[in-house]
There are 2 protein chains.
Amino acid sequence: MENSLSLTEENYIKAIFQIGTTPESNVSTNALADSLQTKPATVSDMIKKLSHKKLIFYEKYKGVTLSASGAKEALKIIRKHRLWEAFLVNHLNFKWDQVHEIAEQLEHIKSSELVNRLDDFLGNPTIDPHGDPIPDANGQVQLGPSKLLSEMTSYENGIIVGVKNEDPLLLQHLDKINIRLGLHIEVTEVNDFDQSMQVKLADLGTLFLSEKITSQILIAKNL
Amino acid sequence: MENSLSLTEENYIKAIFQIGTTPESNVSTNALADSLQTKPATVSDMIKKLSHKKLIFYEKYKGVTLSASGAKEALKIIRKHRLWEAFLVNHLNFKWDQVHEIAEQLEHIKSSELVNRLDDFLGNPTIDPHGDPIPDANGQVQLGPSKLLSEMTSYENGIIVGVKNEDPLLLQHLDKINIRLGLHIEVTEVNDFDQSMQVKLADLGTLFLSEKITSQILIAKNL
DNA sequence: TTAAATTTTTAGACTAATCTAAAAATTAAT
DNA sequence: ATTAATTTTTAGATTAGTCTAAAAATTTAA
Ligand SMILES: [Mn+2]
Ligand SMILES: [Mn+2]
Ligand SMILES: [Mn+2]
Ligand SMILES: [Mn+2]
């Protein structure tokens with residue numbers, strides 16, 4: 001048996017899951033090195049180990065994909081990360097831009113009993129503070145269809161359901177201009193030159209947004 | 001600067017704190033090896049490192065004591081451990097015999113902001129689920145005077161305020177015989193031969209307790 | 001379709017934490 | 001006060017994770 005991944009192995013598995021757009025898409029050594037802030041040589045070594053443990057499929061020079069058991073592990077880690085983020089924001093009054101780093105540590109705490117009790121304590125939330133879906137105990141995620149604000153055109157509208165990225169500076173900026181999850185939003189104008197947008201927010205009136213921001217905001221038709 | 005202890009260093013510092021009865025008493029290499037489930041040779045190496053970092057005072061063959069900064073670190077870890085135990089029992093409905101192992105992991109999460117918010121969320125408790133005092137943000141502990149039940153004699157009485165040890169089997173047994181923190185207890189008889197006792201508990205009537213148990217229960221005169 | 005650029009892997013080395021076996025120091029017993 | 005037992009330290013290895021530098025494979029461009 002000798003199961004149980006090391007903290008480092010968990011971080012690799014999670015990074016592979018998050019970089020791979022589809023479960024089949026191969027994740028490159030360099031992409032992994034970038035994401036994990038380490039060197040390609042280090043990644044090469046580690047993917048050999050993970051491959052040996054059957055957590056990933058690996059062909060030399062071809063990148064890696066997660067196996068079924070690898071994906072299951074990834075979802076467990078992501079579930080923990082997002083549940084802890086929900087706890088930090090909803091019960092300890094952290095702001096949404098302050099929780100990611102702490103959750104990076106908490107996601108490695110090993111106790112399925114703890115995760116499931118935390119889930120219940122939080123009321124079995126389906127999304128985390130950034131709008132990302134929280135996998136259930138079986139690793140199932142249900143997320144409604146959504147698209148990037150930057151992909152919408154004039155007169156299109158919907159509800160802000162998430163942000164693509166948890167960079168604290170982005171999140172703080174969104175706070176400052178009063179953009180938060182759940183708001184109704186309508187595109188009033190798109191500037192062809194730089195893809196900047198004018199939008200109308202429920203109550204809060206009109207706002208100009210650069211493409212740098214619109215490409216980070218997820219919109220759904222309704223809840 | 002380059003502060004921040006590794007998980008292993010934290011465990012050594014905490015063990016030294018908990019083994020040393022008084023802050024001055026030297027802790028031996030073997031005692032540390034026992035407590036940390038490692039080998040004396042390993043301990044010898046590590047105490048050299050901790051000594052170099054000025055967290056402990058060390059003289060070859062003479063054992064170690066914590067420096068002021070070492071003791072401060074130890075109290076920070078113990079504070080976290082006990083706050084998390086309180087969270088697990090009071091909010092996630094764990095039993096008092098189930099939380100120690102999980103707290104051993106949570107105590108290493110690094111974020112003073114998190115600890116202090118958790119403290120507030122819990123209502124700034126002064127004791128953990130086992131009756132152990134929780135140091136405040138400055139490392140101050142206030143614990144009333146208490147003594148072991150095994151040190152009491154006939155007709156002495158007081159309130160159960162803690163257990164010396166977090167062995168799940170002990171804690172489960174105490175649950176089974178309805179002994180819990182806060183109960184008033186009176187010694188009715190002490191058997192000279194084996195130090196077993198007859199005690200009277202508020203409401204719950206008379207109980208026989210072996211020395212093995214009475215030596216683990218802490219009693220105070222009143223809250 | 002060769003050559004250049006890029007990506008990936010290998011080789012060799014380092015640190016933290018651990019171990020076993022053996023040597024040295026201390027403590028306890030004759 | 002010697003000797004014996006115990007404790008502690010040193011010496012030498014091992015494993016996980018990391019690095020730099022160099023070699024090999026793949027991809028891109030001329
Ligand atoms: Mn996050
Ligand atoms: Mn999130
Ligand atoms: Mn504990
Ligand atoms: Mn405790």
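Just so we're on the same page: letters track the sequence lines, and every chain starts at 1. The basis for the numbers below is simple: all heavy atoms, side chains too, and nothing from hydrogens, waters or symmetry mates.
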query = Roughly how many Å is it from NZ in A:Lys39 to P in D:dA16, rounded to a whole number?
reply = 22 Å
ask   = Taking atom C1' of D:dT14 as reference, at what distance in whole Å does atom CG of B:Asp45 sit?
value = 14 Å
query = Does B:Lys14 NZ have over 12 foreign heavy atoms under 6.0 Å away?
reply = yes
A:Tyr12-A:Phe17 aromatic ring centre distance below 6.0 Å = no
ask   = CD of A:Glu59 versus P of C:dT9: gap in Å, rounded?
value = 11 Å
B:Tyr12 side-chain proximity, nearest of D:dT9, C:dT18, C:dT8 = C:dT18
task = Calculate the interatomic distance between A:Lys48 atom NZ and D:dT18 atom C1'; express it in whole Å.
result = 14 Å
ask   = Closer to the 5' end of DNA chain D via nearest nucleotide, is it A:Ser6 or B:Ser28?
value = B:Ser28
query = A:Thr29 near the nucleic acid: base, sugar-phosphate alone, or nothing, with a heavy-atom cut-off under 4.0 Å?
reply = sugar-phosphate
message = Distance check needed: C:dT8 P versus A:Ile47 CD1, whole Å only.
response = 9 Å
request  = Grab the CG-P distance between B:Leu32 and D:dT8 for me, whole Å please.
outcome  = 10 Å
task = Measure centre to centre between the rings of A:His81 and A:His100, then say whether the value is under 6.0 Å.
result = yes
key: Check: A:Ser111/A:Glu113 side-chain N/O donor and acceptor closer than 3.5 Å   = no
request  = Using whole Å, report how far CG of A:Leu7 lies from P of C:dA16.
outcome  = 18 Å
Report, one pair per line, the protein and nucleotides 21-27 of chain C atoms (nitrogen or oxygen only) whose separation is under 3.5 Å.
from   : atom 1 : to      : atom 2 : distance (Å)
C:dA25 : O4'    : B:Tyr61 : OH     : 3.3

Between D:dT8 (P) and B:Asp34 (CG): distance, integer Å = 11 Å
task = Just call it for A:Thr8: base, sugar-phosphate, or nothing, with non-hydrogen atoms closer than 4.0 Å on any strand.
result = sugar-phosphate
Tabulate below the donor-acceptor pairs under 3.5 Å that side-chain atoms of residues 60-68 of chain A make, not counting sequence neighbours, or state none.
from    : atom 1 : to      : atom 2 : distance (Å)
A:Ser67 : OG     : A:Lys54 : O      : 2.8
A:Ser67 : OG     : A:Leu55 : O      : 3.0
A:Ser67 : OG     : A:Ser69 : N      : 3.4
A:Ser67 : OG     : A:Ser69 : OG     : 3.2
A:Ser67 : OG     : A:Gly70 : N      : 3.1

request  = Measure from the side chain of B:Ser44, starting at C-beta and using heavy atoms only, and say which of C:dT18, D:dT9, D:dC19 lies closest.
outcome  = D:dT9
Kindly list each side-chain donor-acceptor pair under 3.5 angstrom involving residues 89-96 of chain A, sequence neighbours excluded, with atom names and distances?
from    : atom 1 : to       : atom 2 : distance (Å)
A:Asn90 : ND2    : A:Ala86  : O      : 3.3
A:Trp96 : NE1    : A:Leu171 : O      : 3.3
A:Trp96 : NE1    : A:Asp175 : OD1    : 3.2
A:Trp96 : NE1    : A:Asp175 : OD2    : 3.2

ask   = Between A:Trp84 and B:Trp84, what is the ring plane arrangement, given parallel below 30°, perpendicular above 60°, and tilted in between?
value = perpendicular
Donor-acceptor contacts under 3.5 Å from residues 138-150 of chain A side chains, at least two apart:
from     : atom 1 : to       : atom 2 : distance (Å)
A:Lys147 : NZ     : A:Glu156 : OE2    : 2.9

message = Contact list please: residues 100-111 of chain B against DNA chain C, heavy atoms, distance less than 4.0 Å, in numerical order.
response = none
message = Any side-chain N or O of A:Asn30 below 4.0 angstrom from OP1/OP2 of C:dT8?
response = yes
key: Contacts of type salt bridge (charged side-chain N to carboxylate O under 4.0 Å, His left out), residue A:Asp119, not counting sequence neighbours   = A:Arg79
